[in-house]
**Student:** 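Pasting a structure here, questions to come.
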Amino acid sequence: MKLYLGDCHAQAVRAQAVAEAIELMADKGMAQHKTTGELLAVLVGIIAELQSALDVVNLPQWEAA
């Protein structure tokens, strides 16, 4: 379970990095519609994967210690 949750955490870190890149581009006036849209599509995909991974239906079975 630790490895599974570690993978979910890594996905969350990726999502945060993409969101921060979009925010930085917007703040610097560098956000172009196409680039921003592409980054948002990546972010939405990461979030969808993370949401699915953390859905209780998809969690791996807990192993008895």
Side-chain angles (χ1 to χ4, degrees):
M1 186 57 95
K2 284 183 181 182
L3 289 175
Y4 186 82
L5 292 176
D7 289 344
C8 290
H9 179 259
Q11 285 289 78
V13 170
R14 285 181 53 213
Q16 180 182 2
V18 173
E20 288 174 353
I22 295 168
E23 182 180 44
L24 178 65
M25 289 174 59
D27 286 347
K28 300 284 184 183
M30 300 177 348
Q32 296 176 352
H33 180 68
K34 182 178 179 185
T35 303
T36 304
E38 289 171 356
L39 285 173
L40 285 172
V42 169
L43 182 57
V44 167
I46 292 170
I47 292 169
E49 289 176 18
L50 186 57
Q51 180 274 329
S52 177
L54 292 175
D55 188 328
V56 293
V57 172
N58 298 324
L59 289 175
Q61 295 295 318
W62 287 90
E63 293 183 17

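Because the structure is a prediction, the values reported are computed rather than measured. The analysis underlying the following values was restricted to heavy atoms, covering all of them including side chains, and did not include hydrogens, waters or symmetry mates.
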**Student:** Quick check for you: to the nearest 0.5 Å, what is the distance between Thr35 atom OG1 and Leu40 atom CG?
**Tutor:** 11.0 Å
**Student:** If you compare all heavy atoms of Ala19 against all heavy atoms of Leu43, which two are closest, and at what distance to 0.1 Å?
**Tutor:** CB-CD2, 4.0 Å
**Student:** Measuring from Glu20:CD to Met25:CE, what's the distance to the nearest 0.5 Å?
**Tutor:** 14.0 Å
**Student:** When rounded to the nearest 0.5 angstrom, what is the spacing between CG in Leu54 and CG in Leu5?
**Tutor:** 7.5 Å
**Student:** Show the nearest heavy-atom pair for residues Gln11 and Leu50, with the distance to one decimal.
**Tutor:** CB-CD1, 4.1 Å
**Student:** State plainly whether one hydrophobic cluster holds both Leu3 and Val13, where clusters connect Ile, Leu, Val, Met, Phe, Trp and Tyr through side-chain heavy atoms under 4.5 angstrom apart.
**Tutor:** no
**Student:** What is the distance from atom CD1 of Ile47 to atom CZ of Arg14, rounded to the nearest 0.5 Å?
**Tutor:** 11.0 Å
